Amino acid sequence: MKKTILASALATLLSTPIAFAAEDTAELRKIIEQQQQVLDELERRLNETEKRVERTADVVDESVGSKSATTIGGYGELHYNNIKNNQTNTRKEEIDFHRFVLFFGHEFTENTRFFSEVELEHSISGDGQNGEVELEQAYVEHDFNQMFTGKAGLFLMPVGILNEVHEPATFYGVERNPVEKNIIPTTWWEGGLALNILAMPGLSVDTAITSGLNVPTTGDNAYNIRSGRQKVSEAIASDFAYTARIKYTAIPGLELAATAQYQSDITQGAAGVDSAQAMLLTGHVIYTIQKFTLKALIANWNIDSNEAEALGKDKQDGYYIEPSYRFNESFGVFARYNEYDTQAGNNDDTSITQTNIGINYWLHENVVFKADYENQGGANDADGFNLGVGYQF
């Protein structure tokens with residue numbers, strides 16, 4: 001009996017490790033299977049993530065590859081003028097879509113690009129119509145290195161404040177100031193070659209050899225600078241013009257610039273008159289401190305010609321000063337005093353003054369509504385107001 005009990009107990013003891021071993025093995029297999037499931041799930045998620053990354057990369061590549069190197073932009077402005085001429089007791093009351101402009105540009109490489117500007121003035125052009133279709137810019141520009149950039153083609157002259165940058169959202173007042181319009185004369189473009197030199201950060205020099213002015217020598221517009229623009233339309237090129245500008249912008253908020261242009265004969269060899277050697281000198285300052293900006297410009301033409309001197313047009317000059325205050329992104333006010341004389345060489349009082357006071361309201365940084373009061377004095381006597389809306393993109 002004891003032997004039977006002992007034998008039974010011994011069998012139980014001997015079988016226990018085997019049972020424990022079998023249970024441990026089953027548990028281990030279960031754990032391994034669970035871990036394998038986790039690994040399989042992780043691998044599946046990783047594969048899905050890799051596929052999403054690849055799809056995103058493909059979309060980015062397609063987007064970059066399809067991005068056009070050609071760009072389109074433009075600007076336009078609608079004006080309402082209500083000005084009374086107190087000398088003739090007449091009133092100018094008109095609404096005019098003054099300018100509709102489209103820009104077209106293309107980047108050949110990161111160093112070589114093309115830029116153009118086509119403008120329709122006064123809404124409609126053609127025989128007997130008020131407007132014109134004009135090509136104001138069409139040039140190829142190339143960066144030779146970080147210091148030298150060249151232009152070839154038809155481009156705006158590097159002179160004054162408005163001539164190169166005149167989109168309506170960038171300046172105060174409905175109409176462009178009369179000094180830059182009549183003396184410089186904005187907008188002024190020529191055909192030829194130009195070189196920009198970045199001498200050092202904040203100091204640049206622009207030089208240009210271009211077609212020149214061809215002023216009429218008879219009639220009411222004789223030796224009138226603005227009437228001498230040939231607009232590179234079969235322009236007579238007996239005498240080229242040579243232009244140089246230096247600009248300083250190293251101090252934040254300050255821009256100083258001066259331009260000189262020389263042309264040996266602005267009549268382009270017209271018969272029956274003396275050659276008219278001409279020199280233009282201009283300078284301007286723009287200073288912004290916080291919300292206040294001050295602009296000032298002076299321009300002077302000297303024409304060496306007996307015929308021009310007889311008309312008092314051997315000297316033509318003008319200046320203006322414009323303080324402005326921009327309260328916020330949407331609202332700004334300005335005042336501008338202008339004085340200019342296209343017959344400054346005579347002894348008569350032919351100087352014209354013009355004062356404008358007004359507001360700009362930017363609905364968007366590229367959309368602006370304008371209003372100003374205008375008073376003309378000196379040789380003129382007129383007053384009234386102007387309203388306008390402009391955009392750029």
Side-chain angles (χ1 to χ4, degrees), residues 72-104 116-138 153-157 162-163 166-168 173-178 180-191 211-237 266-268 270-271 311 313 316 340 342-343 352 354 370 372 374 376 379-380 382 384-392:
I72 299 175
Y75 72 88
E77 48 191 341
L78 175 71
H79 297 165
Y80 172 71
N81 307 112
N82 189 320
I83 305 295
K84 181 182 179 182
N85 187 322
N86 297 311
Q87 295 171 322
T88 61
N89 200 32
T90 59
R91 184 179 292 273
K92 173 185 177 181
E93 294 178 285
E94 67 177 34
I95 187 168
D96 178 35
F97 203 101
H98 202 146
R99 298 176 180 90
F100 176 80
V101 180
L102 290 177
F103 304 141
F104 297 92
S116 66
E117 178 180 342
V118 179
E119 176 173 327
L120 170 62
E121 288 194 342
H122 308 297
S123 185
I124 186 171
S125 68
D127 292 340
Q129 303 296 337
N130 295 319
E132 297 178 303
V133 175
E134 299 174 325
L135 182 64
E136 289 197 0
Q137 297 191 76
L154 183 156
F155 48 84
L156 297 169
M157 301 303 292
L162 286 182
N163 199 58
H166 44 247
E167 290 76 15
V174 174
E175 301 289 349
R176 298 172 182 175
N177 71 80
E180 294 195 72
K181 175 183 177 180
N182 293 291
I183 303 299
I184 281 183
T186 299
T187 305
W188 181 16
W189 63 90
E190 299 288 356
S211 54
L213 298 172
N214 180 23
V215 298
T217 58
T218 59
D220 293 340
N221 291 323
Y223 295 92
N224 184 298
I225 293 297
R226 186 170 182 82
S227 299
R229 298 175 304 164
Q230 300 191 78
K231 301 185 177 182
V232 200
S233 176
E234 297 184 349
I236 299 173
I266 60 171
T267 73
Q268 296 290 343
L311 296 170
K313 295 187 176 182
Q316 302 182 40
Y340 66 100
T342 58
Q343 295 175 272
I352 298 172
Q354 180 175 312
K370 303 181 180 184
D372 64 73
E374 178 177 314
Q376 299 177 24
N380 286 355
F385 67 93
N386 306 290
L387 303 173
V389 58
Y391 64 87
Q392 63 189 49

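Source: prediction; values computed, not measured. Numbers here are sequence positions counted from 1.
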**Student:** Between L162 and E180, what is the shortest heavy-atom contact and its length?
**Tutor:**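 It is N-OE1, 3.0 Å.
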**Student:** Check the angle between the aromatic planes of H79 and H98 and answer parallel, tilted or perpendicular using the 30° and 60° thresholds.
**Tutor:**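 Because their plane-to-plane angle is over 60°, the rings of H79 and H98 count as perpendicular.
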**Student:** Report yes if some heavy atom in the side chain of F104 is under 4.5 Å from a heavy atom in the side chain of I72; otherwise report no.
**Tutor:**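 They are in side-chain contact.
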**Student:** Please examine the side chains of R176 and T187, heavy atoms only from C-beta on, and report whether any two atoms are closer than 4.5 Å.
**Tutor:**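 They are in side-chain contact.
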**Student:** Donor-acceptor pair, distance only, cut-off 3.5 Å: does the side chain of E77 make one with the backbone of P168?
**Tutor:**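 No, E77 side chain to P168 backbone: no donor-acceptor pair under 3.5 Å.
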**Student:** Roughly how far, to the nearest 0.5 Å, is CG of L213 from CG of N224?
**Tutor:**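 N224 atom CG to L213 atom CG measures 10.5 Å (nearest 0.5 Å).
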**Student:** To the nearest 0.5 angstrom, please state how far the CG atom of N182 sits from the CG atom of N177.
**Tutor:**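 Between atom CG of N182 and atom CG of N177 there are 9.5 Å.
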**Student:** With a 4.5 Å heavy-atom cut-off, do T342 and I225 have their side chains touching?
**Tutor:**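 No. Closest side-chain heavy atoms not under 4.5 Å.
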**Student:** Taking all heavy atoms of N386 and all of E374, pick out the closest pair and write down the distance.
**Tutor:**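 Nearest heavy atoms, N386 then E374: ND2-OE1, 3.1 Å.
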**Student:** Going by the rule ring pair (Phe, Tyr, Trp, His ring centres under 6.0 Å), which residues pair with F100 if we only count those two or more places apart in sequence or in a different chain?
**Tutor:**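 Scan of F100 (ring pair (Phe, Tyr, Trp, His ring centres under 6.0 Å), adjacent residues dropped) gives none.
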**Student:** Is the shortest heavy-atom distance from the side chain of I266 to the side chain of N214 under 4.5 Å?
**Tutor:**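 Side-chain contact under 4.5 Å: no.
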**Student:** Does E167 have any salt bridge (Lys or Arg N to Asp or Glu O under 4.0 Å) partners at least two apart in sequence or in another chain, and if so, which?
**Tutor:**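 Here no residue qualifies.
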**Student:** How long is the span from the CD atom in E190 to the CZ atom in F155, to the nearest 0.5 Å?
**Tutor:**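 Output value for this atom pair is 8.5 Å.
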**Student:** Tell me if a side-chain donor or acceptor on Q316 pairs with a main-chain N or O of K313 at a distance below 3.5 Å.
**Tutor:**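 Checked: pair present.
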**Student:** With side chains defined as the heavy atoms from C-beta onward, is the minimum distance between Y223 and T217 less than 4.5 Å?
**Tutor:**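 Answer yes - side chains close enough.
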**Student:** To the nearest 0.5 angstrom, please state how far the CD1 atom of I352 sits from the OH atom of Y340.
**Tutor:**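 Rounded to the nearest 0.5 Å, the CD1-OH separation comes to 3.5 Å.
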**Student:** Is there a donor-acceptor pair under 3.5 Å between the side chain of K84 and the backbone N or O of R91?
**Tutor:**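 Between the backbone of R91 and the side chain of K84 there is no qualifying donor-acceptor contact (under 3.5 Å).
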**Student:** With side chain to side chain contact (heavy atoms under 4.5 Å, CB included) as the criterion, how do V215 and T267 come out once you've worked through the C-alpha distance, each side chain's angles and the decisive distance to 0.1 Å?
**Tutor:** CA-CA 5 Å; V215 298; T267 73; 4.1 Å; yes
**Student:** Do W189 and N163 come within less than 4.5 Å of each other through their side chains, counting heavy atoms only?
**Tutor:**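 No, their side chains stay 4.5 Å or more apart.
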**Student:** For the backbone of E175 and the side chain of K181, can you confirm whether one donor and one acceptor N or O come within less than 3.5 Å of each other?
**Tutor:**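 Checked: no pair found.
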**Student:** Please report, to 0.1 Å, the donor-acceptor pairs under 3.5 Å made by any side chain of residues 123-137, with sequence neighbours excluded.
**Tutor:**
{"unit_1": "E132", "atom_1": "OE1", "unit_2": "K231", "atom_2": "NZ", "d": "3.4"}
{"unit_1": "E134", "atom_1": "OE2", "unit_2": "K231", "atom_2": "NZ", "d": "2.5"}
{"unit_1": "Q137", "atom_1": "NE2", "unit_2": "E117", "atom_2": "OE1", "d": "2.6"}

**Student:** Can any side-chain N or O of S211 pair as donor or acceptor with the backbone N or O of A237 at less than 3.5 Å?
**Tutor:**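 Flag not set: sc S211 to bb A237 has no pair under 3.5 Å.
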**Student:** Could you tell me whether the side chain of Q268 reaches within less than 4.5 Å of the side chain of Q230, counting heavy atoms only?
**Tutor:**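 SC-SC contact between Q230 and Q268 confirmed.
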**Student:** Please round to the nearest 0.5 Å and tell me the distance separating atom CZ of R229 and atom CH2 of W188.
**Tutor:**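 It comes to 10.0 Å.
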**Student:** CG of D96 to OH of Y80: how many Å apart, nearest 0.5 Å?
**Tutor:**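 Nearest 0.5 Å value for the CG-OH distance: 13.0 Å.
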**Student:** Hey, does L120 have a side-chain heavy atom less than 4.5 Å from the side chain of F97?
**Tutor:**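 Not in contact.
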**Student:** Check whether any side-chain N or O of N85 sits under 3.5 Å from a backbone N or O of T88 as a donor-acceptor pair, and report yes or no.
**Tutor:**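 Checking the backbone N and O of T88 against the side chain of N85, a donor-acceptor pair under 3.5 Å is found.
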